Amino acid sequence: MRDEEISAALLAWYDGHARVLPWRTGPAERRAGHRPDPYRVWLSEVMLQQTTVAAVRDYFHRFTSRWPDVAALAAADDGEVMAEWAGLGYYARARNLLKCARAVVADHDGRFPETSAALLTLPGIGPYTAAAIAAIACDEPATVVDGNVERVTARLFAVETPLPNAKPELTALARRLTPETRPGDRAQAMMDLGATICTPRNPACGICPLRSFCAGHASGIATELPRKLAKKPKPTRFGIAYVGTREDGAALLERRPERGLLGGTLGWPGSAWTEATPAPAPPAAADWRESPGAVRHTFTHFHLVLTVLTARLPAGSNPERGHFVSRDNFRPGDLPTVMRKVHDLASRALLTD
DNA sequence: TAAGCGTGGCT
DNA sequence: TAGCCAAGCTT
């Protein structure tokens with residue numbers, strides 16, 4: 001009974017406070033019988049993996065403008081999709097996005113499957129995303145567990161087990177709060193509550209619709225939850241990047257291997273990234289000069305310090321690595337952020353030369 | 001199964 | 001400033 005009261009309080013709050021988002025069908029529309037487009041739900045959920053709403057907004061608009069449905073995306077050029085994704089991070093998502101779109105077209109007649117179990121078999125769709133799409137787009141009473149739900153649930157039930165060990169326990173508790181009614185709204189309500197009220201730091205318990213049910217708040221430890229195991233320190237790695245520009249303005253770029261860090265993205269040729277600065281191995285013969293300063297960038301699991309070398313390459317340059325991209329076809333914004341930083345440093349160095 | 005995999009904003 | 005954090009998935 002108590003679990004149902006919590007669900008009811010959550011939905012009542014959501015009816016008045018649901019955020020308006022481009023990929024979302026609001027509670028009023030939903031009651032009028034409108035379901036959101038599964039393609040847009042899927043695209044938004046993949047973009048939102050480990051990524052904030054603010055960061056996703058513009059990317060979502062550009063993707064849906066350029067590729068309005070799953071068939072269009074499935075037919076897209078890989079390089080153009082990678083370029084459009086540039087800057088959003090976790091590039092495996094973009095590669096899997098294409099694989100998934102093509103699987104939907106090839107194996108599912110161009111329509112997304114309508115159960116979480118079937119969605120789970122598609123590339124890039126894991127337990128969270130499968131449950132979210134099924135609940136939001138198909139009204140399946142799937143239990144959606146993301147970082148927000150983990151935090152809300154840990155506080156609501158005062159779970160002291162640290163993450164990630166607490167994951168099964170929190171999932172079971174979240175399942176208790178998953179009623180048959182309005183599963184899509186309920187899932188989004190939990191996430192909205194976590195994003196706007198039950199925030200990681202300084203939660204707004206004073207205006208929380210679940211305060212009277214919250215064991216964490218009652219015992220004064222809500223802000224400390226969920227507990228987390230200590231993280232490993234990040235090592236620092238070093239490398240060299242070569243910014244080569246031909247006389248006609250073409251840039252010497254290289255597509256990285258499909259797998260691994262920045263897989264499938266476009267970037268400047270360079271050394272491996274290792275614990276000591278590697279010996280130079282330029283991609284083409286030229287008078288390479290070091291740009292003052294360095295590029296600093298932090299990835300998920302290490303810090304990177306890049307030395308940037310620039311050179312003008314002759315018209316007939318025949319590089320050992322990479323390929324030339326004409327001035328008209330080169331946009332720094334098509335590169336992942338670390339490579340855009342390299343471009344920016346090289347540009348500053350050439351300007352002051 | 002633990003580790004690999006981006007980025008930008010906030011404190 | 002440096003660490004923490006965000007609507008996780010894959011291998």
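Excluded from the calculations below are hydrogen atoms, water molecules and symmetry mates; all remaining heavy atoms, backbone and side chain alike, are included. Not measured: the values here are computed from a predicted model.
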Engineer: Mind checking if A:T300 touches a base, just sugar-phosphate, or nothing, with heavy atoms under 4.0 Å?
Structural biologist: base
Engineer: Between A:M339 (CE) and B:dT7 (C1'), how many Å, whole number?
Structural biologist: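 Roughly 15 Å, once rounded to whole Å.
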Engineer: Do A:L193 and A:V53 land in one hydrophobic cluster if side-chain heavy atoms of ILVMFWY residues count as linked below 4.5 Å?
Structural biologist: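 No.
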Engineer: Can you check the A:E150 CD to C:dA6 P distance for me, whole Å?
Structural biologist: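 Computing the A:E150:CD to C:dA6:P distance gives 9 Å.
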Engineer: Assign A:R24 to base, sugar-phosphate, or nothing according to its heavy-atom contacts below 4.0 angstrom with the strands shown.
Structural biologist: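 Answer is base: heavy atoms of A:R24 come under 4.0 Å of a base.
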Engineer: Within the pair A:H301 and B:dC5, is there a side-chain N or O less than 4.0 Å away from OP1 or OP2?
Structural biologist: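 Looking at the OP1 and OP2 atoms of B:dC5, one of them is under 4.0 Å from a side-chain N or O of A:H301.
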Engineer: Specify the residues of residues 123-130 of chain A, ordered by number, for which at least one heavy atom lies under 4.0 angstrom from an atom of DNA chain C.
Structural biologist: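 Nucleic-acid contacts, sorted: A:P123, A:G124, A:I125, A:G126, A:P127, A:Y128, A:T129.
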Engineer: Determine the contact category for A:K228: base if any of its heavy atoms lies under 4.0 Å from a base atom, sugar-phosphate if only primed atoms, P, OP1 or OP2 are that close, otherwise nothing.
Structural biologist: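 If one applies the 4.0 Å heavy-atom cut-off, A:K228 turns out to touch the sugar-phosphate alone, with no base involved.
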Engineer: With a 4.0 Å cut-off on heavy atoms, is A:R19 in touch with a base, just the backbone sugar-phosphate, or nothing at all?
Structural biologist: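 Result for A:R19 = base.
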Engineer: For the residue pair A:E45 and A:Y128, confirm or rule out a side-chain donor-acceptor distance under 3.5 Å.
Structural biologist: yes
Engineer: Tell me the interatomic distance from A:K231, atom NZ, to C:dA2, atom P, rounded to whole angstroms.
Structural biologist: 18 Å
Engineer: Under a 4.0 Å N-O cut-off, is there an ion pair linking A:D185 with A:R31?
Structural biologist: no
Engineer: Please check if atom CD in A:E140 has more than 12 non-hydrogen atoms from other residues, nucleotides or ligands closer than 6.0 Å.
Structural biologist: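 Counting other residues, nucleotides and ligands, CD of A:E140 exceeds 12 neighbours.
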Engineer: Base, sugar-phosphate, or nothing for A:L120, non-hydrogen atoms under 4.0 angstrom?
Structural biologist: nothing
Engineer: Scan residues 220-227 of chain A against DNA chain B and write down, sorted by residue number, each residue with any heavy atom closer than 4.0 Å; if none is found, say none.
Structural biologist: none
Engineer: What is the distance from CE of A:M191 to C1' of C:dC5, rounded to the nearest Å?
Structural biologist: 17 Å
Engineer: Could you check whether A:R57 makes a cation-pi contact with A:F60, meaning its NZ or CZ is under 6.0 Å from the centre of the six-membered ring and within 45° of the ring axis?
Structural biologist: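 No - A:R57 does not lie over the ring of A:F60 by the 6.0 Å and 45° rule.
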Engineer: Counting just side-chain N and O atoms, does A:Y90 come under 4.0 Å of either OP1 or OP2 of B:dG4?
Structural biologist: no
Engineer: Just grab all the salt bridge (Lys or Arg N to Asp or Glu O under 4.0 Å) pairs involving residues 329-343 of chain A, residues at least two apart or on different chains.
Structural biologist: A:R331-A:D334, A:R340-A:D344
Engineer: Taking distance alone, no hydrogens or angles, what donor-acceptor pairs closer than 3.5 Å link side-chain atoms of residues 301-319 of chain A to residues at least two apart or in another chain?
Structural biologist:
from	atom 1	to	atom 2	distance (Å)
A:H303	ND1	A:T298	OG1	2.9

Engineer: Could you check how far CG of A:L122 sits from P of C:dT10, rounded to whole Å?
Structural biologist: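 It is 10 Å, rounded to the nearest whole Å.
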Engineer: For A:K232, report the nucleic acid contact type (base, sugar-phosphate, nothing); a contact means any heavy atom under 4.0 Å.
Structural biologist: sugar-phosphate
Engineer: Tell me whether A:R95 contacts the main-chain N or O of A:E258 through its side chain, where contact means a donor paired with an acceptor under 3.5 Å.
Structural biologist: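 The answer is yes, because a donor-acceptor pair under 3.5 Å joins these two groups.
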Engineer: Of the nucleotides C:dG3, B:dT7, B:dG6, which has the atom closest to the A:R93 side chain?
Structural biologist: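 Minimum distance to the A:R93 side chain belongs to B:dG6.
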Engineer: Starting from A:L119, can I reach A:V145 by hopping between I/L/V/M/F/W/Y residues whose side chains sit under 4.5 Å apart?
Structural biologist: no
Engineer: Which atoms form the tightest heavy-atom contact between A:R321 and A:L252, and what is the distance?
Structural biologist: O-CD1, 3.6 Å
Engineer: Distance check: side-chain N/O of A:R151 vs OP1/OP2 of C:dA6, anything under 4.0 Å?
Structural biologist: yes
Engineer: Enumerate the residues from residues 257-273 of chain A whose closest heavy atom to DNA chain C is under 4.0 Å, giving them by residue number; use none for an empty result.
Structural biologist: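 Correct list: A:R259.
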Engineer: For the residue pair A:Y242 and A:W288, does the interplanar ring angle fall in the parallel (under 30°), tilted (30 to 60°) or perpendicular (over 60°) class?
Structural biologist: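 Perpendicular, since the angle between the ring planes exceeds 60°.
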Engineer: Are a donor atom and an acceptor atom from the side chains of A:R93 and A:Q49 found within less than 3.5 Å of each other?
Structural biologist: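 Note: A:R93 and A:Q49 side chains miss the donor-acceptor criterion.
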Engineer: What's the gap between C:dT11 and B:dG6 when it is taken at their P atoms, as a whole Å value?
Structural biologist: 14 Å
Engineer: Can you check the A:R95 CZ to B:dG4 P distance for me, whole Å?
Structural biologist: 16 Å
Engineer: With a 4.0 Å limit, can you tell me whether A:R340 has a side-chain N or O closer than that to the phosphate oxygens OP1/OP2 of B:dG8?
Structural biologist: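 So the side chain of A:R340 is within the cut-off, an N or O lying under 4.0 Å from OP1 or OP2 of B:dG8.
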Engineer: Decide whether A:F157 and A:I197 are clustered together by the hydrophobic rule: side chain heavy atoms of Ile, Leu, Val, Met, Phe, Trp, Tyr closer than 4.5 Å, transitively.
Structural biologist: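 A:F157 clusters together with A:I197.
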Engineer: Taking the six-membered ring for Trp and the single ring otherwise, decide whether the centroids of A:Y59 and A:W23 are under 6.0 Å apart.
Structural biologist: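 Ring-ring flag for A:Y59/A:W23: false, centres at least 6.0 Å apart.
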Engineer: Nearest whole angstrom, please: distance from the C1' of C:dG8 to the OH of A:Y91.
Structural biologist: 17 Å
Engineer: List in numerical order all residues of residues 37-55 of chain A for which some heavy atom is under 4.0 Å away from an atom belonging to DNA chain C.
Structural biologist: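 DNA chain C contact set from residues 37-55 of chain A: A:E45, A:L48, A:Q49, A:Q50, A:V53.
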Engineer: What is the distance from CG of A:L88 to P of B:dC5, rounded to the nearest Å?
Structural biologist: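 Nearest whole value for this atom pair: 18 Å.
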Engineer: Which label fits A:H17 and A:W13: parallel for a plane angle under 30°, tilted from 30 to 60°, or perpendicular past 60°?
Structural biologist: parallel
